[in-house]
Number of protein chains: 4
Amino acid sequence: MRIGFIGLGNMGAAMAANLLKAGHEVVAYNRSPEKVAALAEQGATAAASVRDAAQADVVVTMLADDRAVEAVAFGGADPAAGLVAAMPADAIHVSSSTISVDLARRLTAAHAEARNGFVSAPVFGRPEAAAAAKLFVVAAGAPDAVQTVTPVFDAIGQRTFVVSDDPSAASLVKISGNFLIASVIESLGEAMALVGKAGVDKQQYLEVLTSTLFDAPVYRTYGGLLVREQFTPPGFAAPLGLKDVKLALAAGEDLAVPMPIASLLRDRFLTLLATGGGELDWSALGALSAWEAGAPHPA
Amino acid sequence: MRIGFIGLGNMGAAMAANLLKAGHEVVAYNRSPEKVAALAEQGATAAASVRDAAQADVVVTMLADDRAVEAVAFGGADPAAGLVAAMPADAIHVSSSTISVDLARRLTAAHAEARNGFVSAPVFGRPEAAAAAKLFVVAAGAPDAVQTVTPVFDAIGQRTFVVSDDPSAASLVKISGNFLIASVIESLGEAMALVGKAGVDKQQYLEVLTSTLFDAPVYRTYGGLLVREQFTPPGFAAPLGLKDVKLALAAGEDLAVPMPIASLLRDRFLTLLATGGGELDWSALGALSAWEAGAPHPA
Amino acid sequence: MRIGFIGLGNMGAAMAANLLKAGHEVVAYNRSPEKVAALAEQGATAAASVRDAAQADVVVTMLADDRAVEAVAFGGADPAAGLVAAMPADAIHVSSSTISVDLARRLTAAHAEARNGFVSAPVFGRPEAAAAAKLFVVAAGAPDAVQTVTPVFDAIGQRTFVVSDDPSAASLVKISGNFLIASVIESLGEAMALVGKAGVDKQQYLEVLTSTLFDAPVYRTYGGLLVREQFTPPGFAAPLGLKDVKLALAAGEDLAVPMPIASLLRDRFLTLLATGGGELDWSALGALSAWEAGAPHPA
Amino acid sequence: MRIGFIGLGNMGAAMAANLLKAGHEVVAYNRSPEKVAALAEQGATAAASVRDAAQADVVVTMLADDRAVEAVAFGGADPAAGLVAAMPADAIHVSSSTISVDLARRLTAAHAEARNGFVSAPVFGRPEAAAAAKLFVVAAGAPDAVQTVTPVFDAIGQRTFVVSDDPSAASLVKISGNFLIASVIESLGEAMALVGKAGVDKQQYLEVLTSTLFDAPVYRTYGGLLVREQFTPPGFAAPLGLKDVKLALAAGEDLAVPMPIASLLRDRFLTLLATGGGELDWSALGALSAWEAGAPHPA
């Protein structure tokens with residue numbers, strides 16, 4: 001399958017490499033071209049523009065935020081340069097970044113009007129999982145479109161969940177999932193601040209948790225980062241965490257669902273950013289409770 | 001081993017039955033005697049008083065709250081009727097309920113003075129796990145005392161974690177663990193209120209979570225209760241949840257550790273109790289977010 | 001002075017009437033024309049369009065939210081129909097509604113480019129105060145522009161505070177002031193839920209407060225509404241309260257200032273809206289604490 | 001009138017001095033005797049014990065917290081040395097400190113049994129107001145007892161509010177009033193962190209507030225402390241603020257009233273204490289928002 005791939009950050013570069021390994025033809029585009037060159041060495045074709053990358057059966061976008069996806073999809077000042085206009089009819093846009101419910105809806109409408117397919121397929125997993133083709137894919141879209149792009153999902157992930165034929169539902173599931181991860185970081189941070197200040201060994205504490213009711217990757221991964229206070233280099237930087245919590249709050253606002261933990265997380269991320277933690281992994285959020293209890297700041 | 005067992009509620013009755021099955025001699029006491037009769041049919045000896053149950057190598061208490069443990073241990077108006085005074089020298093008191101750090105400290109001191117042993121050994125697990133001898137035991141106390149009572153732990157649980165030689169540390173770990181469970185209930189409740197109001201199927205949503213990063217008993221158990229809205233009969237009633245969150249806040253206050261999620265949980269439990277949910281399982285806490293978003297109240 | 005006046009809601013109609021009483025020539029525009037007719041009977045000239053109302057020395061806008069101000073100022077699909085383009089050179093736009101810091105900045109820039117003046121001058125006061133020309137005006141803008149429009153402020157208010165020569169500062173002060181009012185509503189609501197449930201007379205309680213440290217209009221006004229549970233008709237409807245708290249949160253986000261009470265207020269407003277209170281006065285927020293404590297919902 | 005006075009801290013010493021000025025006979029007791037000596041120079045009689053001070057028509061206690069009032073009233077290990085036992089029949093105990101609702105109830109019952117009178121009469125006002133006899137007194141108790149002690153209130157305060165014939169109601173009103181003050185400190189702190197970071201002059205900002213809707217002593221006093229960052233010496237130290245917020249939360253818990261702002265304030269006070277602010281005035285709470293936004297810590 002000929003796949004356009006736009007966005008070669010930590011996650012995107014690993015995903016595109018796995019598409020190559022799976023035997024697909026990959027036409028890659030990235031705003032800073034050196035990332036493209038690295039992928040070209042693995043067999044990708046370098047695209048000079050979004051429009052070039054759009055000449056494919058499937059175009060995957062893996063970009064930082066709504067703004068970046070909007071620019072790529074709608075072309076900014078030059079609509080003809082955007083994906084929506086430039087993709088061949090019946091090609092399918094797979095959006096794998098975490099985007100807002102609102103943007104998912106607008107993309108659905110715009111692609112429908114342009115007679116393209118659109119599948120929202122955000123992924124769960126950090127860069128290590130992306131490199132190992134062990135991502136979890138949460139997909140939503142028209143059934144035939146989802147079926148067409150299944151080989152893409154098979155190449156990048158270990159399992160795909162199709163949750164709806166409305167693409168925005170996949171975005172919402174992903175957003176709420178990231179909210180749940182951040183909730184784990186904060187609640188673990190509070191618990192560790194408590195037992196740690198009482199002199200309990202945090203590593204052993206985490207073992208108790210992850211050997212019992214909390215035996216899940218999210219506790220092992222983020223608990224481990226908190227125990228080791230290993231917040232740099234960031235696997236997922238704090239500003240991206242703030243972005244995702246804001247997406248959850250925006251979705252909650254749209255649906256009139258108050259989410260007090262999400263509100264707390266937003267304030268925590270602002271604190272982290274305002275006090276020098278903007279370059280840290282989002283797990284550093286979990287160190288703020290200890291900081292407020294008198295320990296040094298994580299930054 | 002001759003084991004006194006005091007407190008035959010949902011949890012205690014199952015634990016005592018497993019001690020009998022493991023071949024121990026059990027002398028059982030409960031405030032309402034019909035519970036004792038049921039256990040006597042399984043081979044236990046009925047004790048007429050705490051003092052009677054205290055005539056043993058090991059005395060396990062599994063009671064509702066600090067007040068009950070205090071009354072049993074110190075005898076209230078008649079100190080001689082309490083465990084501390086009535087146990088033979090060198091017998092060991094195992095406190096398996098979730099008690100405050102402060103009470104754990106007072107029991108440690110009082111038993112030391114009376115030349116008894118004291119082990120704090122709260123358990124993780126709901127009544128089903130207690131019945132199946134699948135509890136997790138978090139134990140702390142003097143090493144030789146812990147070793148002596150290990151057969152008790154083996155009979156009731158699937159694994160024992162020895163976290164400290166200071167008994168109060170086990171209480172703190174248990175308290176913080178219950179805080180983490182309540183955090184999961186609340187955060188899942190918020191996430192499900194969000195995706196549910198958007199029309200996503202909650203059962204499938206839970207499957208996505210528990211097949212990926214959130215593949216842990218705590219998400220399966222409490223997520224399942226939330227999806228099925230199955231809050232009665234209570235496995236662990238809401239007022240007990242409030243009690244444990246208050247123990248976490250008290251420990252945090254003692255150590256000067258602010259815990260904003262614990263504060264939120266306390267307010268949520270008060271709301272649940274004030275609006276008719278006092279008889280529900282504590283997982284009903286997770287239905288309040290949907291209630292605030294316009295859904296019916298869980299009670 | 002010839003004054004264009006755009007936006008004849010509860011507040012705007014009263015302000016425009018006071019401008020007429022002070023002897024100014026008023027050219028009034030409103031989306032629904034019946035409001036214009038009512039003012040015309042008091043001596044105003046009816047404008048058929050924003051462009052018509054823009055032919056003045058000063059143009060005051062008093063509109064519901066950013067979206068409405070943006071549409072009027074920039075003309076939407078037809079920029080030439082908007083205030084910025086249609087005002088004569090050197091005319092001054094006075095924005096009296098509560099708008100975002102971001103929009104205040106964009107208006108400052110656009111008017112500067114069009115060689116118009118721009119003063120942000122939001123007001124404190126409910127419709128009664130507007131009718132009595134007792135508003136408080138918080139103004140910011142270039143000193144000569146502010147001086148030129150001072151007669152406008154004198155006609156509508158009892159006092160004007162010039163806080164900066166940067167128009168966005170006036171918006172921020174107003175936004176933060178509305179945040180403080182909402183904080184008073186919520187904290188009074190919690191206090192009244194507490195003393196009321198204990199049987200203390202709420203009216204007398206309010207008298208104690210307003211006779212002592214809390215002797216301020218904000219406590220008298222909102223305390224009175226809470227004591228009388230008088231939430232309809234709304235002087236300032238709940239959705240507008242949510243809008244303003246969101247403006248505070250957006251400003252806080254822009255400046256990296258966490259505001260936990262503002263976050264709580266946002267959740268409270270969402271709850272109020274989701275549970276049927278969307279038509280109530282924003283003071284109904286203060287009744288949610290009692291609702292969570294078991295009292296009937298204010299709606 | 002012969003008045004026993006127990007507790008000569010910042011507040012108590014000033015109140016006792018005003019009783020002397022009003023012509024009453026004062027028998028003063030304090031744990032550290034140097035405070036008594038200072039008052040004796042103004043005409044008081046020094047009492048060597050609580051029992052001595054109890055030999056009076058009215059005994060006023062002005063002590064730090066529940067623990068101190070309990071010790072004085074019930075005599076600790078020696079009940080006969082406590083106020084309840086030592087006061088002559090028909091003498092009246094006036095408790096002017098902020099005590100818990102629970103203790104107010106226990107004092108009411110104990111004094112009734114001992115045939116003494118009991119009036120709870122906490123005061124609003126800082127040491128300056130106490131010195132100027134400008135306190136506000138919130139009193140509750142049996143009508144004849146309240147009438148008997150009215151000359152005491154007249155000597156120390158500018159106005160007395162009789163809110164109930166149940167003494168605990170006065171404690172609740174006082175507790176909720178201190179909660180409202182702390183709410184003002186926190187909300188003003190958030191607002192000032194916001195406008196201050198945007199470059200608005202905080203002194204002028206406060207003037208806008210206190211000239212308009214927020215024209216009340218509580219905003220002038222605490223706003224002034226926040227603008228000047230004048231947190232030492234403490235007029236009312238942070239640990240006392242925490243104590244009072246905890247009394248509000250305890251009362252709320254007793255009545256099943258969730259109070260989310262009180263929960264937030266409790267966490268804030270813990271943060272202040274844990275990060276070195278334990279010696280500061282409680283208004284330093286209002287500086288934590290700016291600290292979280294990147295400004296220096298107030299301590």
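In the text below, chain A, chain B and the rest are named by the order of the sequence lines, each starting its count at 1.
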- Heavy-atom nearest pair, B:L172 first then A:V195, reads CD2-CA, 3.8 Å

- Query: What are the two closest non-hydrogen atoms of A:L188 and B:L180, and how far apart are they?
  - Reply: N-CD2, 3.9 Å

- Query: B:A295: what forms a side-chain contact (heavy atoms from CB on, under 4.5 Å) with it, not counting sequence neighbours?
  - Reply: B:A290

- Query: How would you list, by chain and number, every residue that makes a side-chain contact (heavy atoms from CB on, under 4.5 Å) with A:A131, sequence neighbours excluded?
  - Reply: A:A14

Donor-acceptor pairs, chain B vs chain A, cutoff 3.5 Å:
unit_1: B:R159; atom_1: NH1; unit_2: A:S211; atom_2: OG; d: 3.4
unit_1: B:V162; atom_1: O; unit_2: A:Q204; atom_2: NE2; d: 2.8
unit_1: B:S176; atom_1: OG; unit_2: A:Y205; atom_2: OH; d: 2.6
unit_1: B:E190; atom_1: OE1; unit_2: A:I261; atom_2: N; d: 3.1
unit_1: B:E190; atom_1: OE2; unit_2: A:I261; atom_2: N; d: 3.0
unit_1: B:K197; atom_1: NZ; unit_2: A:L255; atom_2: O; d: 2.9
unit_1: B:K197; atom_1: NZ; unit_2: A:A256; atom_2: O; d: 3.1
unit_1: B:Q204; atom_1: NE2; unit_2: A:V162; atom_2: O; d: 2.8
unit_1: B:Y205; atom_1: OH; unit_2: A:S176; atom_2: OG; d: 2.5
unit_1: B:S211; atom_1: OG; unit_2: A:R159; atom_2: NH1; d: 3.4
unit_1: B:L213; atom_1: O; unit_2: A:V218; atom_2: N; d: 3.0
unit_1: B:V218; atom_1: N; unit_2: A:L213; atom_2: O; d: 3.0
unit_1: B:Y219; atom_1: OH; unit_2: A:Y219; atom_2: OH; d: 3.4
unit_1: B:L255; atom_1: O; unit_2: A:K197; atom_2: NZ; d: 2.9
unit_1: B:A256; atom_1: O; unit_2: A:K197; atom_2: NZ; d: 3.1
unit_1: B:P258; atom_1: O; unit_2: A:S289; atom_2: OG; d: 3.3
unit_1: B:I261; atom_1: N; unit_2: A:E190; atom_2: OE1; d: 3.1
unit_1: B:I261; atom_1: N; unit_2: A:E190; atom_2: OE2; d: 3.0
unit_1: B:S289; atom_1: OG; unit_2: A:P258; atom_2: O; d: 3.3

Flag the one option from [options] with the top tally of heavy-atom pairs under 4.5 Å to chain B.
{"options": "A:P260, A:G189, A:G252, A:A248", "result": "A:P260"}
{"options": "A:P258, A:A169, A:A193", "result": "A:P258"}
{"options": "A:I175, A:V173, A:V101", "result": "A:V173"}

- Task: Find the distance between CG (B:L213) and CD1 (A:I181) and round it off to the nearest 0.5 Å.
- Result: 5.0 Å

- Message: Between A:V163 and chain B, with a heavy-atom cut-off of 4.5 Å, which part of the residue counts as in contact: side chain, backbone, both or neither?
- Response: both

- For A:V184, is it the side chain, the backbone, both or neither that has a heavy atom under 4.5 Å from a heavy atom of chain B? side chain

- The interface call for B:L255 against chain A, heavy-atom contacts under 4.5 Å, is both

Side-chain donor-acceptor distances from residues 135-143 of chain A under 3.5 Å, at least two apart:
none

- Note on the structure: Residue from B:G177, B:A198, B:P217 scoring the most non-hydrogen pairs under 4.5 Å with chain A is B:P217

- Message: Only pairs of heavy atoms separated by less than 4.5 Å count here; which of B:L209, B:V208, B:L264 has the most with chain A?
- Response: B:V208

